[in-house]
Amino acid sequence: MSLLKLTEVTMNFGGLTALKSFNLELAPGEIVGLSGPNGAGKTTVFNVITGVYEPSHGQIFFMEQEITGMRPDLITKAGIARTFQNIRLFKGLSVMENVLIAHHLHLKANYLAAMLKLPGYRREEREMRERSLALLERVGLADLRDEQAGALPYGMQRRLEIARALATNPKLLLLDEPAAGMNPKEAEDLTAFIKEIQTEFDLTIFLIEHHMDVVMNISELIYVLDYGMTIAGGKPAEVQNNQRVIEAYLGVNEDVED
Amino acid sequence: MTLDLFLQHLSNGISLGSLYALIAIGYTMVYGILRLINFAHGDIFMMATYFAFFGIVTFRIPWFITFPLVLVLTAGLGMGVETVAYRPLREAPKISLLISAIGASFFLENLTIVLFGGVPKPFPAPKLFTDVVQVGAVSIQKLTFYIPIVTVIALLGLMYLINKTKTGMAMRAVSMDHETARVMGININRTISFTFGLGSFLAAVGGIMWGMKFPQIQPLMGVIPGLKCFIAAVIGGIGNIGGAVIGGFILGIGEIMLVAFLPDLTGYRDAFAFVLLILILMSKPTGILGEKTAEKV
């Protein structure tokens, strides 16, 4: 059974084809990388999966259900969470609130129960806070829970964004360039962290990454895009030796090694 | 001017400012979440007074049942306007939304004229509120004291809702970033709808008290207060709720004091708000509590 399946997904913006006949299948528990040069269409893949864009052609299935063109909040509810390339926290909200808000959709209590502060609502609210705090502890931000999210240093904002995504209780986590702007040491720590949460939260992870060492190190499978087309897909070692990939992207690395 | 007289003017200013504040909040909240000036807001305020009139005069429902009913109906009206006039334009350019807002405003005004007639009607204020009490040498309507009290209660409730509840948190998140809020599982349309409902609810609270203070209602009564409260929101820093309250009080107290101290300028009473708007736009365009932000491209 595949967790996520994209068949022949194409995304046109006016005359520009950002993504062409993209196929993808993710099995539960996998960590899969998506790579390629700038402007290759990687973030577009995330945007069609999460419902930010409705694809021009093609279909998307999540756990055997078609989700093509579904509303983003319902897709999140179905179990897909993401982070953003250019961190998009709610900067004016506190660290805690950023995580709490992602719990929002799993609340069962209605307005009336909330207004009357019924016991069921109180329990739900308490559980939500406890869970949020546990997540913040997990990413090492519990002490900073009352700080404004926008005031955190860059690396912490990245971790907060992952915590917020985890709070929606996802089965599939999409990470858009999680190591962007990190030095090699930080990138290494992040790789370890992603592997940990993958087992801990029983996740399937699909990540976009520019850092080749990160993506090679972490992914079981890698897809490479260039100009909206899939130019390679397979195990890291295979992809690394693929001539088209080297031409499109990894060529830079070879030069360095020479 | 004697101290007594000054205090009387001040209390009048505070109660007028309270009313402005209640209405200004509706403008500022909608602006915060949609970046839209909801020009129909003043007309929603006007409709609230008509709802109260029909409840008490036509259907003879006691005021303590009518007023809560008016609040609910007006909130519903605000949500209805949002659904019909703004929701279909979610992806449209902002200017289309603005035009739609002006259209919604004209529609409500003219609908009221057609349905209820253009002749002013007396607002059925319960005697309990309009009684006059003697304080020292001056006589003041009880209402003048009730208005700020009701306003403070409404504001505290609003603050609680926005800062402490999940719906309030969703409202703040949506006002910061629609797209991310959606990806975090927030239902944008429901949150926006709730914001309109809340703003209209507060406008109805203001409308009922306005009707009691100035007991004559007519279909265009929302235009000038609407404009003034919009100005109050801009003065305070549009998008900022605290700012709307401050702006409302500045405008209300300023207007009353202008007339009190410079009786010759009584005819310019309405112009006061506009002069203030021009001054604030020249000196601090983002308003008193507004933050300096570059428009996102």
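Every chain is numbered from 1, with letters handed out A, B, ... down the list of sequences. Note that the coordinates shown come from a computational prediction; the quantities given were computed from them, not determined experimentally.
Using a 4.0 Å cut-off between charged nitrogen and carboxylate oxygen, A:Arg138 and A:Glu196 count as a salt-bridge pair. A salt bridge is absent between A:Glu64 and A:Lys5; no separation between the charged side-chain nitrogens and carboxylate oxygens falls under 4.0 Å. The pair A:Arg88-B:Glu179 meets the salt-bridge criterion, since a charged nitrogen lies less than 4.0 angstrom from a carboxylate oxygen.
Chain B is approached within less than 4.5 Å, heavy atom to heavy atom, by A:Arg82, A:Phe84 from residues 80-87 of chain A, ordered by number.
Heavy-atom distances place both the backbone and the side chain of A:Leu100 under 4.5 Å from chain B. Heavy atoms closer than 4.5 Å to chain A are found in the backbone of B:Asn163, but not in its side chain.
Note: B:Tyr20 and B:Phe249 fail the aromatic proximity criterion, with ring centroids not under 6.0 Å apart.
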Checklist entry - Where do A:Phe90 and A:Ile101 land on the side-chain contact (heavy atoms from CB on, under 4.5 Å) test, with the steps shown first? => result CA-CA 10 Å; A:Phe90 300 113; A:Ile101 204 145; 3.8 Å; yes
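Of the possible polar contacts, none joining the B:Thr180 side chain to the B:Asp177 backbone as a donor-acceptor pair under 3.5 Å is found.
Applying the side-chain contact (heavy atoms from CB on, under 4.5 Å) rule to A:Glu97 yields the partners A:Leu93, A:Ser94, B:Met169, B:Arg172; only residues at least two apart in sequence or on another chain are considered.
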